[in-house]
Amino acid sequence: MSDTVIVRINEKLIPELQINYNADTNVASYRDISDWSDIAVESQQQLILIVAANLVLSKQVRIPSKNEEIIRQSIPFTLEEFIANDIDKNHYAYRQLSEQNLLVAVIQRSMIEKIQLELKNNGLECKKMLSELFTVPYHLGKLSIVSIKNHYIVRDGHTGTVVSENLLKTYIQSSSTDDQIIYTQQELDQSEFPNAEIKRIDIPMLQAMTVTSQESVNLFQAQYSQQDDKSKSKSPLLKILVLFSVLVVSWLAINGYNLWKISGQINAIKEKQAKLLMELIPNASQTEKKDPYSAIQSRLKISQNSQSNYRNVGFIQSMYYVGQTLLDHPTIQVESLRQREAKLEVSVRAPDTGKLNSFQSSLENNVLAMKVKTGTREVNNNGVNSVITMESL
């Protein structure tokens, strides 16, 4: 039993020839057909469609890229001068010849879509469709010519065409390639083709052997790739699941990093609060040391509500006003504190003079019962340093 079924599709997109080929026994048989329903494919046989060579443009191009998306976007523009219709109306398939050289096959989208529809309507599975050009053996530096009924398929390297019997000699004479190999089942007059090597051979057998043994460009690529229905249905779902997984992992990683960063900042703030508590309240209890912020807030409230300390604001109340003002001026840094009798000296550092003035003005507005003075200012690379003095009116 043959393991490959090769069907030729003519210019009207109608099947006209079926070749059954067994590679193990190297036997090929063929029969004429006239409709898609005439195609007979048994289980375990591979169906290959061969499209008339004059329906497909084959061309070698050079694109300096390995990215498939860039290659597919570039191909139409490299072939624009060779294509008569709108480049967007064509389908472009390719095969890599070398690092930057591609062999491209071009067919109209409407044709390939009609062929796919016929395959579907007739229950045929086909994963490979080639230009008829690739049924002709490749010979470097020579024209390869195959006689098919009343016409010839001519292959010149990676390109080719179809010519009629009466134009073959004219085409050969105009070609830049001097030597030819002609494959035919009929007798040819050698004198008419003085530079040709004429080989008598069974043409269906030759085409079957060439299709199954030589590299070619499969037109069923990209959006027209013929995959199993299961693969088609699973592939988009798998992509969605992978993208979703990447999104979830990224979200967890980002949030984990942010939580770690915030945790470090909180610990640093707690250390500053504990240090400030010991400076303000050296005799603080163990309970207050566990929560320095609450302890300072509690002491400030007690001090603020104490009538005995209302007229003599003192150190704690002055610090309360400084702390409240610092909340609105995060760029101001307190360098040191000093209590001198009824005065509190606060050494601060600001990024610039404007921010220092703004901080002093806000402090004056918050502390109505005290006088706020700014001492000598020192400008350095780190900003502006100054000492603010707070004393009761």
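Computed over heavy atoms, backbone and side chain alike; hydrogens, waters and symmetry mates excluded. By convention here, the first residue in the shown sequence is residue 1.
Among all heavy-atom pairs drawn from G157 and Y138, the shortest one is O-CD1, 3.3 Å. Contact between K343 and E391 at its shortest, heavy atoms only, is CE-OE1, 2.7 Å. Contact between V211 and F134 at its shortest, heavy atoms only, is CG2-O, 4.0 Å. For D32 against L17, the heavy-atom pair with the smallest separation is OD1-CD1, 3.7 Å. Residues S386 and R377 come closest through the heavy atom pair OG-CG, 3.8 Å. For the residue pair A53 and L133, the shortest heavy atom distance occurs at CB-N, 4.1 Å.
By the side-chain contact (heavy atoms from CB on, under 4.5 Å) test, E197 pairs with K142, I181, K199, sequence neighbours left out. Checked against side-chain contact (heavy atoms from CB on, under 4.5 Å), L13 has the following partners two or more places apart in sequence or in another chain: I9, L55, M111, K114, I115.
Residues L130 and M209 are members of separate hydrophobic clusters, defined by side-chain heavy-atom contacts under 4.5 angstrom among Ile, Leu, Val, Met, Phe, Trp and Tyr. Under the 4.5 Å side-chain heavy-atom criterion for grouping Ile, Leu, Val, Met, Phe, Trp and Tyr, I107 is not connected to V104 through any hydrophobic cluster.
With N195 contributing its side chain and Q180 its backbone, the two residues share no donor-acceptor pair below 3.5 Å.
Rounding to the nearest 0.5 angstrom, the gap separating the CG atom in L103 from the OH atom in Y94 is 12.0 Å. R62 contributes atom CZ, which lies 12.5 Å from atom OG of S74 (distance to the nearest 0.5 angstrom). Atom CD of residue Q333 and atom CZ of residue F359 lie 11.5 Å apart, to the nearest 0.5 angstrom. In this structure, the separation between CG on N122 and CD1 on I39 is 7.0 Å, given to the nearest 0.5 Å. With rounding to the nearest 0.5 Å, the separation of CD1 in I145 from CD1 in I182 is 4.5 Å. Residue E42 holds its CD atom at 12.5 Å from CG of L47, rounded to the nearest 0.5 Å.
Using a 4.5 Å heavy-atom cutoff, the side chains of V217 and Q221 are in contact. Residues L102 and Q60 have side chains not in contact (no heavy-atom distance under 4.5 Å, counting atoms from C-beta outward). Between N20 and Q45, some side-chain heavy-atom pair lies under the 4.5 Å cut-off. Side chains of L326 and I332 form a contact here, defined as non-hydrogen atoms less than 4.5 Å apart.
The residue from Q116, H91, E113 that alone fulfils the side-chain hydrogen bond (donor to acceptor under 3.5 Å, both in side chains) condition with Y224 is E113. Screening E11, M129, E132 for a side chain to side chain contact (heavy atoms under 4.5 Å, CB included) with V51, the sole residue that qualifies is M129.
Cation-pi geometry between K59 and F82 is met: the NZ or CZ atom falls under 6.0 Å from the ring centre, inside 45° of the normal.
Electrostatic pairing of E364 and K371 does not count as a salt bridge here, judged by no charged N lying under 4.0 Å from a carboxylate O.
Pairs of residues two or more places apart, or lying in two chains, that qualify as side chain to side chain donor-acceptor pair (under 3.5 Å) and include a residue from residues 77-87 are N85-N90.
Within a 6.0 Å radius of OH in Y30, other residues, nucleotides and ligands contribute 12 heavy atoms or fewer. Around CD of Q265, the count of heavy atoms belonging to other residues, nucleotides or ligands within 6.0 Å exceeds 12. For CD of Q223, the number of neighbouring non-hydrogen atoms (other residues, nucleotides, ligands) closer than 6.0 Å is greater than 12.
Between N26 and Y21, the side chains place a donor N or O and an acceptor N or O closer than 3.5 Å (distance only, hydrogens not considered).
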